[in-house]
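Data first, discussion second: the structure below is written as structure tokens.
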Amino acid sequence: MLLAAWLPLLLKELPLSLPIIFVGLGAVLMFWLPVAGPDSNPIKHGLFVEKATELVLIVALMGAGLKLDRPFSWRRWAATWRLLSITMLLSVAGLAAAAMVLLDLDAATALLLAALLSPTDPVLASDVEVGPPNSGKEDEVRFALTSEAGLNDGFAFPFVHLAILLAGLTTVDQLDNLMLQWFAIDVVWKIACGVGAGFVTGRLLGWLVFRIPNRARLARSGDGFVALGITCLTYGLTETIGGYGFVTVFVSGLSLRAVERRHDYHERLHDFAEQMERLIMMVLLLLFGAALVDGVLAELDRPAILFTAAAILLIRPVAGALAFIGFPRPWDERAVMAFYGIRGVGSAYYLSYALNHGSFSRPDYLWSVTSLTILISIILHGMTVTPVMRYLDRRRRRLLDGSN
């Protein structure tokens with residue numbers, strides 16, 4: 001806990017990130033323990049992995065929704081829509097094709113791997129996200145990657161559900177009905193339910209926090225843990241009625257901000273959510289580092305390494321570059337938005353969820369490929385993000401000084 005609070009101050013100007021340190025620390029502790037360490041096989045502890053990653057994801061999504069200053073607008077969120085539509089669909093298609101060709105996976109398993117590696121992770125992407133509420137640290141690149149990370153976890157879920165349905169398919173004759181059921185329920189209903197529930201609950205809770213008579217107004221308490229109550233309430237209600245809770249949590253954060261956009265209490269809520277997210281993330285990254293030296297990468301082969309390199313260095317950047325053709329921003333900003341599709345906790349959640357709810361071939365191999373992709377993303381993106389974002393900030397300041 002002390003390291004989670006202290007290290008960000010030390011690493012602020014260095015080409016290192018907090019996740020790199022904690023993954024390395026977990027690996028070292030597991031390797032040098034004088035007695036046998038805990039069993040860190042994610043397949044044996046699939047339910048724990050699913051629920052622990054689910055918790056940190058919803059906390060991170062609430063924090064992401066609260067810290068976005070820009071009001072919702074189809075035009076002002078243009079970069080987000082490009083990332084969620086073109087980049088997401090091209091990434092899923094490209095990764096699925098690569099998984100079938102390079103890894104020789106069946107269609108259902110390849111689609112699952114593509115779906116879980118396509119979203120930008122809201123937990124590990126903090127270094128490319130906007131600053132706290134009303135801090136003024138919200139340029140186009142940070143806004144696009146924050147809003148993408150907030151929404152694409154929910155938007156990737158339909159592909160995970162489709163993979164689970166395809167894995168349970170017994171005859172080809174069932175395919176038409178299965179696709180109709182998937183589109184009607186897993187795409188239309190669950191996304192619409194998630195967005196609608198998030199908007200309504202955010203507005204209602206915003207009224208309780210900011211608008212009711214002064215003596216009972218929640219904002220007067222100054223308690224940051226209200227953010228956790230809002231997160232769990234909105235997520236639980238939406239999951240109960242069959243919607244995507246991830247979408248609801250992020251949208252409810254946006255809706256809550258819209259009720260009283262400039263209130264100082266938003267910063268208190270965001271700070272608590274960020275601190276809790278960082279503490280849970282610390283534990284999960286320690287366990288991930290332990291798993292790396294405890295055999296989770298044992299199934300890796302040359303095709304898996306090629307697939308990982310293609311996923312990080314080719315498929316996401318190309319999909320992002322195609323999405324931003326004609327987008328009115330400098331080429332370097334478009335390149336950063338295309339490249340920094342960081343993989344992390346969300347990928348682990350989707351894989352554990354799918355393996356707990358469906359039957360897929362080669363689960364150990366899937367964990368090896370996913371773990372390697374997360375590890376390379378943590379190292380590559382973590383070591384490059386500080387100098388890259390510093391470069392963009394310097395260029396932006398020079399342009400502002402020149403215009404003045």
Side-chain angles (χ1 to χ4, degrees), residues 16-28 30-31 39-46 49-50 53 91-92 94-106 109-121 123-125 156 160 163 281 284-319 339-355 360-385:
L16 286 174
S17 66
L18 194 64
I20 294 176
I21 301 298
F22 278 108
V23 170
L25 183 60
V28 170
M30 176 60 93
F31 186 77
D39 184 359
S40 55
N41 188 320
I43 296 179
K44 293 181 181 179
H45 304 286
V49 175
E50 179 188 339
T53 51
S91 295
V92 170
L95 288 168
M100 288 189 285
V101 172
L102 294 175
L103 308 181
D104 195 27
L105 297 178
D106 60 83
T109 307
L111 178 60
L112 172 63
L113 191 59
L116 65 91
L117 292 179
S118 293
T120 296
D121 189 69
V123 179
L124 300 186
V160 175
M281 177 191 72
L284 294 180
L285 290 176
L286 286 171
L287 293 174
F288 177 62
L292 292 176
V293 299
D294 198 32
V296 75
L297 300 178
E299 298 295 319
L300 286 179
D301 53 17
R302 185 175 298 177
I305 296 172
L306 290 175
F307 173 83
T308 300
I312 295 176
L313 300 175
L314 180 63
I315 295 174
R316 160 70 191 216
V318 170
F339 179 71
Y340 281 95
I342 299 172
R343 309 293 181 261
V345 176
S347 298
Y349 168 75
Y350 282 126
L351 181 53
S352 59
Y353 176 90
L355 294 179
F360 293 90
S361 60
R362 307 171 70 184
D364 289 302
Y365 190 65
L366 289 176
W367 268 113
S368 291
V369 175
T370 302
S371 298
L372 179 63
T373 307
I374 294 172
L375 176 64
I376 298 302
S377 179
I378 288 174
I379 295 172
L380 178 62
H381 293 132
M383 293 184 68
T384 59
V385 65

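Keep in mind that this is a model prediction, so the values were computed, not measured. Residues: numbered from 1 along the sequence shown.
Using a 4.5 Å cut-off on side-chain heavy atoms (C-beta onward), Leu112 and Leu351 make contact. Between Ser17 and Val385 there is no side-chain heavy-atom pair separated by less than 4.5 Å. In this structure the side chain of Glu299 never reaches within 4.5 angstrom of the side chain of Leu366, judged on heavy atoms. Proximity of Leu117 to Phe307: side-chain heavy atoms (C-beta onward) are separated by under 4.5 Å at one or more points.
Scanning both residues, Arg362 and Leu103, for their nearest heavy atoms gives NH1-O, 3.3 Å. Between Val49 and Ala348 the shortest heavy-atom distance is CG1-O, 4.3 Å. Leu95 approaches Ser118 most closely through the heavy-atom pair CD1-OG, 3.6 Å. Between Pro119 and Ala156 the shortest heavy-atom distance is CG-CB, 3.4 Å. Ser361 and Asp106 make their closest contact through OG-OD2, 3.0 Å (heavy atoms, listed as atom of the first residue, atom of the second, distance). Closest approach of Ala298 and Ser368 over heavy atoms only: N-OG, 3.8 Å.
Just one of Leu355, Val296, Leu287 meets the side chain to side chain contact (heavy atoms under 4.5 Å, CB included) condition when paired with Pro42; it is Val296. Screening Asp301, Thr109, Thr370 against Tyr365 for a side-chain hydrogen bond (donor to acceptor under 3.5 Å, both in side chains) leaves a single residue, Asp301. In summary, of the residues considered (Leu113, Ile305, Asp364, Leu297), a side chain to side chain contact (heavy atoms under 4.5 Å, CB included) with Val369 occurs for Leu113 alone.
Between the CD1 atom of Ile378 and the CG atom of Leu18 there is a distance of 10.5 Å, given to the nearest 0.5 Å. Here the straight-line distance linking atom CG of Leu375 with atom CD1 of Ile20 works out to 9.5 Å at 0.5 Å rounding. Atom CZ in Arg343 sits 13.5 Å away from atom CD1 in Ile376 (nearest 0.5 Å).
Ser347 places a side-chain N or O within 3.5 Å of a backbone atom of Leu116 that can act as its donor or acceptor partner. In terms of modelled atom types and a separation under 3.5 Å, the side chain of Thr308 and the main chain of Ala304 share a donor-acceptor contact. Asp121 contributes no side-chain N or O that, together with a main-chain N or O of Ile342, makes up a donor-acceptor pair within less than 3.5 Å.
In this structure, Tyr340 and His381 have tilted ring planes: the angle between them lies in the 30° to 60° band.
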Could you go through residues 309-318 and list every donor-acceptor pair under 3.5 Å that involves a side-chain atom there, pairing it with any protein atom two or more places apart or in another chain?
residue: Arg316; atom: NE; partner: Ala338; partner atom: O; Å: 2.9
residue: Arg316; atom: NH1; partner: Thr120; partner atom: OG1; Å: 3.3
residue: Arg316; atom: NH1; partner: Glu148; partner atom: OE2; Å: 2.8
residue: Arg316; atom: NH2; partner: Glu148; partner atom: OE1; Å: 3.4
residue: Arg316; atom: NH2; partner: Met337; partner atom: O; Å: 2.9

Query raised in the report: Given Leu111 and Val92, is the side chain to side chain contact (heavy atoms under 4.5 Å, CB included) satisfied, shown in steps?
Result: CA-CA 7 Å; Leu111 178 60; Val92 170; 3.9 Å; yes

